[in-house]
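Predicted model, so just to flag it, every value in this text is computed and none were measured. Below, read A as the first sequence line, B as the second, and so on, with proteins coming before strands; counting in each chain starts at 1.
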Amino acid sequence: MNTLYEIELIKQLKARYFRTLDTNEWTGFGQCLTVDCKARYRGGKWSFDSRSEIVGFMKEHMSAETLLSMHTGHHPEISVDKNGVTAVGTWYLHDVIINIEHRTILTGAAIYADEYRKDSGEWRISKTGYERTFECLEPLHEKHRILHNMFAG
Amino acid sequence: MNTLYEIELIKQLKARYFRTLDTNEWTGFGQCLTVDCKARYRGGKWSFDSRSEIVGFMKEHMSAETLLSMHTGHHPEISVDKNGVTAVGTWYLHDVIINIEHRTILTGAAIYADEYRKDSGEWRISKTGYERTFECLEPLHEKHRILHNMFAG
Amino acid sequence: MNTLYEIELIKQLKARYFRTLDTNEWTGFGQCLTVDCKARYRGGKWSFDSRSEIVGFMKEHMSAETLLSMHTGHHPEISVDKNGVTAVGTWYLHDVIINIEHRTILTGAAIYADEYRKDSGEWRISKTGYERTFECLEPLHEKHRILHNMFAG
């Protein structure tokens with residue numbers, strides 16, 4: 001088992017997770033998760049016990065044309081077990097969510113604690129969740145303009 | 001060929017690309033690109049077909065003392081071909097551009113699709129470009145103050 | 001010596017440095033530094049010559065319940081010496097500091113230049129510092145609200 005190689009694969013998995021989340025590619029997003037994946041976002045405020053629950057929630061709450069999000073994950077601290085079958089990881093989240101309808105911008109930071117499992121030869125997230133360090137909400141500036149929105153026709 | 005080592009070299013290449021861009025080190029920036037590098041920024045709105053065109057454009061548009069930029073690239077998903085001579089990569093861009101003269105701040109996110117080529121033993125970017133997820137423009141707060149500007153005397 | 005493995009360890013070291021800084025875990029933060037660590041933040045404006053000086057300063061200036069910070073480090077360019085005992089690294093810092101009491105938000109970017117040393121088998125930061133590319137200060141929007149603050153009761 002090449003630990004560094006497994007760590008690189010897990011980093012790329014998390015990269016796909018964030019990319020598909022913000023581009024609303026829900027099939028690709030679901031493939032990042034094990035079928036029995038548990039999620040505890042915001043210290044457990046949002047709690048889910050399967051891939052379908054997580055994808056369903058995200059699809060419902062994150063895929064409006066009026067909702068622009070940027071989730072970036074920094075500073076991975078990943079450890080792979082000796083057999084290369086499970087792993088744990090910490091990430092530092094920075095997120096920005098612009099609600100065009102309500103004209104608000106939410107910004108925050110959080111520490112992610114993840115678990116990963118090799119599933120038919122592929123790493124997936126088996127447990128995920130984060131604790132906020134902080135979260136802020138403010139109105140958009142009255143002259144704030146969206147120059148580009150990938151979801152708008 | 002050690003794939004992980006090549007991936008690490010490409011990450012460091014992209015690191016130099018962003019660092020030299022924001023610090024306006026145009027010689028170092030040019031060295032990140034192959035001579036025939038193609039660039040298609042903002043879904044092709046800005047389109048260039050050589051290193052000299054790309055460097056020329058950046059030099060002209062990004063090197064004013066009144067323009068402060070932060071380009072950070074996240075979530076690399078890099079694959080190297082079997083011979084270790086070419087590679088492709090995806091990055092998640094977060095950018096902020098403060099225009100002191102116009103008193104505006106532009107913020108955005110985008111997905112980069114890059115191609116890399118080994119050129120006299122060194123990785124360079126042979127094709128680059130991104131598609132915006134979103135881009136926003138707003139006026140600077142009337143009490144917004146620049147405490148430090150590396151380009152100001 | 002496996003260079004890539006040492007580079008990964010140094011990335012995880014810097015990850016702990018930023019995580020413990022923003023979560024105010026000062027014991028963990030101190031363990032990221034050699035006892036004789038030198039720090040030159042903001043081009044030397046803040047200058048320290050030992051772990052205890054650095055930790056003391058951070059503890060005093062960064063651990064108020066009214067101070068929320070996000071420090072993220074991007075684009076590591078790390079080189080390890082041939083013996084795997086010392087290393088140097090560049091990082092691109094993005095930082096945000098919200099002062100709830102003064103109702104201000106400071107944002108900035110900087111280029112970090114670090115030195116690392118293996119110390120009883122563990123990498124630590126032996127010298128650190130950054131040069132700002134820019135730094136801005138503005139008032140918080142009058143309707144800016146903190147929805148979550150990990151330091152508030």
Side-chain angles (χ1 to χ4, degrees), chain A residues 2-25 28 32 62-76 91-100 103-105 107 138-152, chain B residues 1-11 14 18 41-46 70-80 87-97 99 102-114 130-144:
Chain A
N2 179 338
T3 306
L4 286 177
Y5 185 66
E6 305 301 329
I7 288 177
E8 178 62 25
L9 291 178
I10 291 168
K11 287 178 183 173
Q12 295 203 13
L13 163 68
K14 194 74 177 178
R16 285 197 306 277
Y17 167 91
F18 286 123
R19 176 169 53 76
T20 54
L21 173 60
D22 288 338
T23 57
N24 295 355
E25 295 170 57
C32 298
M62 299 295 293
S63 59
E65 183 178 304
T66 53
L67 217 59
L68 300 172
S69 66
M70 184 188 75
H71 291 84
T72 51
H74 312 288
H75 313 157
W91 294 80
Y92 193 136
L93 172 71
H94 172 211
D95 58 331
V96 174
I97 298 178
I98 297 170
N99 189 316
I100 300 176
R103 294 200 59 77
T104 55
I105 181 165
T107 51
E138 63 188 307
L140 288 179
H141 190 288
E142 58 171 15
K143 289 193 177 158
H144 182 282
R145 282 195 302 140
I146 310 289
L147 302 186
H148 188 87
N149 174 351
M150 73 171 287
F151 305 113
Chain B
M1 206 261 305
N2 179 338
T3 306
L4 286 176
Y5 185 66
E6 306 300 330
I7 289 177
E8 178 62 26
L9 291 178
I10 292 169
K11 287 177 183 172
K14 194 74 177 176
F18 285 124
Y41 297 114
R42 309 175 86 199
K45 234 188 255 183
W46 296 342
M70 183 187 76
H71 291 84
T72 51
H74 312 288
H75 311 159
E77 299 172 66
I78 294 166
S79 309
V80 181
V88 294
T90 294
W91 293 80
Y92 194 136
L93 172 70
H94 172 211
D95 57 331
V96 175
I97 299 178
N99 189 317
H102 299 156
R103 294 200 59 78
T104 55
I105 180 165
L106 183 140
T107 51
I111 309 294
Y112 257 101
D114 280 351
Y130 58 74
E131 298 280 342
R132 279 272 184 226
T133 52
F134 64 84
E135 187 178 81
C136 303
L137 186 74
E138 63 188 305
L140 288 179
H141 191 290
E142 57 172 14
K143 289 193 178 160
H144 181 283

Practice problem: Side chain from CB out, backbone as N, CA, C, O: work out which of these in T90(B) comes under 4.5 Å of a heavy atom of chain A, or both, or neither. | Solution: side chain

Exercise. Measure across I78(B) and Q12(A) and return the closest heavy-atom pair with its distance rounded to 0.1 Å.
Key: O-NE2, 3.2 Å

Self-check item: Region of I105(B) in contact with chain A, defined by heavy-atom distances below 4.5 Å
Solution: neither

Quiz item: Considering only heavy atoms, which portion of L4(B) lies under 4.5 Å from any heavy atom of chain A: side chain, backbone, both, or neither?
Solution: side chain

Quiz item: At what distance, to the nearest 0.5 angstrom, does OH of Y5(A) lie from CG of N2(B)?
Solution: 11.0 Å

Quiz item: What residue in L140(A), T23(A), D22(A), V96(A) has the most heavy-atom pairs under 4.5 Å with chain B?
Solution: D22(A)

Exercise. Determine, step by step, whether L106(B) and L147(A) satisfy the side chain to side chain contact (heavy atoms under 4.5 Å, CB included) criterion, reporting the C-alpha distance in whole Å, the side-chain angles of both residues, the deciding distance to 0.1 Å, and the verdict.
Key: CA-CA 9 Å; L106(B) 183 140; L147(A) 302 186; 4.1 Å; yes

Exercise. Compare every heavy atom of A15(A) with every heavy atom of E77(B), then report the nearest pair and how far apart it is.
Key: CG-CB, 3.6 Å

Quiz item: Counting N and O atoms only, with roles assigned by atom type, does the side chain of H75(B) sit under 3.5 Å from a partner on the main chain of G73(A), one being a donor and the other an acceptor?
Solution: yes

Quiz item: Would the H148(A) and F134(B) ring centres measure less than 6.0 Å apart?
Solution: no

Practice problem: Could you tell me whether a side-chain N or O of E135(B) sits under 3.5 Å from a main-chain N or O of I146(A), the two making a donor and an acceptor? | Solution: no

Exercise. Might you work through the side chain to side chain contact (heavy atoms under 4.5 Å, CB included) test for M70(A) and H94(B), ending with a clear yes or no?
Key: CA-CA 8 Å; M70(A) 184 188 75; H94(B) 172 211; 3.5 Å; yes

Quiz prompt | Pair E8(A) + K11(B), salt bridge at N-O below 4.0 Å | solution = yes

Quiz item: Has R145(A) got more than 12 heavy atoms of other residues, nucleotides or ligands less than 6.0 Å from its CZ?
Solution: no

Quiz item: About how many Å separate SG of C136(B) and CD1 of I100(A), when rounded to the nearest 0.5 Å?
Solution: 7.5 Å

Quiz item: Under a 4.5 Å cut-off applied to non-hydrogen side-chain atoms, are H74(B) and F18(A) in contact?
Solution: no

